[in-house]
Participant: 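Can you read through this structure? Questions will come right after.
Quick note: numbers below take in every heavy atom, side chains included, and nothing from hydrogens, waters or symmetry partners.
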Amino acid sequence: MMRFATLLKHPADWMAAAEGAPSVVLTSRVRLARNLAEAPFPGWARKKERQAVRESLQAKLEALPEMKDGFSHELSDLDPLQKQVLVERHLISREQAARNEGSASVVNRKQTLSLMVNEEDHLRIQAIRPALQLQEAYDLAHRIDQSLEREVDFALDSRLGYLTACPTNLGTGMRASAMLHLPALVLSDQIGPVLKGIGKLGLAVRGLYGEGTESLGNLYQISNQSTLGESEEEILERLSRVIGDVARYEEQARQKLSAEDEVMVLDRIGRATGTLSYAHIISSKEALNHLSMLRLGADLGILPAPLKGICDRLFMETQPAHLQWAAGRKLGTDARDVLRASMIRDHLHSALPPAIDPLGKES
Amino acid sequence: MKCDSCQDKATVFYTQVTGGELKKYSLCEACAESQGITSPEGLLMPAELFGGKPMPASPLDLLQAAKQASECPACGFTLENFQRVGRLGCPKCYQTFSHEISRRLPSLHKGVTHTGYFPEGLVRLHQLKSRLKDLHAQLDEAVGEERYEEAATLRDQINELEEQEKGLATS
């Protein structure tokens, strides 16, 4: 069995997209909600019933060849910090982190598959792939679903499809989403209309970090809302098409900005580089926003290409729980801000040329 | 007056109004009871009783549905719980609260019927079940009309399909 520390030592294979690959879309995720036909949903089940479901499911999940040598723990065995780390890695949901006995997390070695037992539903199968690969993520999750359905009697209705604790997930039980980095649409004030357009197509969009409509790091998540009345293929196809369109708008906005507002773009990227290279105290919010500019710089060829992968890792590793895990102890906000700044400086130091003018431009 | 179902003396009279059309049924005590009409949970008139035609929902049906849907018999979850938290207690709640759920679905989803993935074995099981239902109806008809040769063939087909059904259900 994989220990928590081992899981954390290795970054997931989807965390950093391959260099040179199109990079507006960071990751694609698909999750399937499934329930046992004969048991009450986790939110209504008694503790004993929840435990029984957890025991029977967890054993079956661990036995899947895909989950060999993976991570498998009951949530009550993890401390609050460990749970928070898993949330920041998107391996468990916020809702599941609040649960204890009777809830379990089973993750494969590569961290591409995360199976949640007794979250809102008895089972949630989640697959994560880098870049825009929704179909590939679905195939991964679907394979697990098919292996399990031979042994488990899933709650299924001929008219309503898969039955879920909340009717919003009914039918396919599938929620597919992609995480997008949209700095140029934000800088050129086009993000509002784009988000509105996505909403009109019946898809949900929200900032990945930050509360409400605020988005930190210009990172957005687009997902399907409807799960009933369309097949998985139809949902994935429509979602992929819209995400592809948004990625193209972002590319166009980048070209336009570079052509028409080059100095402004250089200034933003330069200031972000300066701050992250030399700051000693930095909040999560400030870090995310500057890292976003660095990533844009790497994509535009203004900064060295390897910075992109470093930014993608730092997006996650400078989150509060990851920082505390790295420090090996609980840290208050002030101490985290200091550690965050130092971690970012270390990473940038190795990737940026030690020039006074890191942009390589003569003024 | 004779019972619509068995020709005994009718003592229970049931009136149904459907789309402005008035229909009267007369049943004997035994038939009425076996159909649950005299029990408080009753009024679940099976379609077979009235010539195999499905009965449209009557105000009585709706009243009954509303009454039934106050608590799930499988898990004890109540309609009020659902209205408060928006989630259900167990998979059977989808039957128990089907009226309330059907009402909400159009605003939640693109459609109201699942068109996505369905496990292969289950698809075949559903097809088999529907085919078996047809065959049973044909068999009844053949027997009723004393076409015994045809009935025997139908009986064989049914036996074969029922074997397959058993195989699927246990696999």
Participant: Side chain from CB out, backbone as N, CA, C, O: work out which of these in His122(A) comes under 4.5 Å of a heavy atom of chain B, or both, or neither.
Facilitator: neither

Participant: Answer yes or no: is there a donor N or O on one side and an acceptor on the other, between the side chain of Ser226(A) and the main chain of Lys110(B), under 3.5 Å?
Facilitator: yes

Participant: How many angstroms lie between CZ in Phe118(B) and OG in Ser231(A), if you round to the nearest 0.5 Å?
Facilitator: 14.5 Å

Participant: Check for a donor-acceptor pair, side chain of His109(B) on one end and backbone N or O of Glu230(A) on the other, with a separation under 3.5 Å.
Facilitator: no

Participant: Is it the case that more than 12 heavy atoms not belonging to Glu151(A) sit under 6.0 Å from its CD atom?
Facilitator: yes

Participant: Locate the shortest heavy-atom distance separating Pro91(B) from Ala39(A); write the atom from each residue and the value.
Facilitator: CD-O, 3.3 Å

Participant: Any side-chain heavy-atom pair from Pro119(B) and Phe154(A) closer than 4.5 angstrom?
Facilitator: no

Participant: Counting C-beta onward and ignoring hydrogens, is there a side-chain heavy-atom pair between His142(A) and Tyr117(B) closer than 4.5 Å?
Facilitator: yes

Participant: Picking from Leu108(B), Leu88(B), Val112(B), which has the most non-hydrogen pairs under 4.5 angstrom with chain A?
Facilitator: Leu88(B)

Participant: Using a cut-off of under 4.5 Å for heavy-atom pairs, which of Cys75(B), Cys93(B), Gly89(B), Gly116(B) has the most such pairs with chain A?
Facilitator: Gly89(B)

Participant: To the nearest 0.5 angstrom, please state how far the CG atom of Asp157(A) sits from the CD atom of Gln95(B).
Facilitator: 7.0 Å

Participant: Checking side chain to side chain contact (heavy atoms under 4.5 Å, CB included) for the pair Leu105(B)/Leu228(A): CA distance, chi angles, key distance, verdict?
Facilitator: CA-CA 9 Å; Leu105(B) 287 183; Leu228(A) 180 67; 4.0 Å; yes

Participant: To the nearest 0.5 Å, what is the distance between OG (Ser98(B)) and CZ (Arg159(A))?
Facilitator: 7.5 Å

Participant: If you define the side chain from C-beta out and look only at heavy atoms, does anything of Glu234(A) sit under 4.5 Å from Thr115(B)?
Facilitator: yes

Participant: Should we say atom CD of Glu145(B) is surrounded by more than 12 heavy atoms from elsewhere, each under 6.0 Å from it?
Facilitator: yes

Participant: Non-hydrogen atoms of chain B under 4.5 Å away: do they reach the side chain of Glu233(A), the backbone, both or neither?
Facilitator: neither

Participant: Between Leu156(A) and chain B, which part of the residue has a heavy atom less than 4.5 Å away: side chain, backbone, both or neither?
Facilitator: side chain

Participant: Sort Leu170(A) into side chain, backbone, both or neither according to what part of it lies under 4.5 angstrom from a heavy atom of chain B.
Facilitator: both

Participant: Would you call the rings of Trp44(A) and Phe77(B) parallel, tilted or perpendicular, where under 30° means parallel and over 60° means perpendicular?
Facilitator: perpendicular

Participant: Taking side chain as everything from C-beta outward and backbone as N, CA, C, O, which of these in Tyr94(B) sits under 4.5 Å from a heavy atom of chain A? Side chain, backbone, both or neither.
Facilitator: side chain

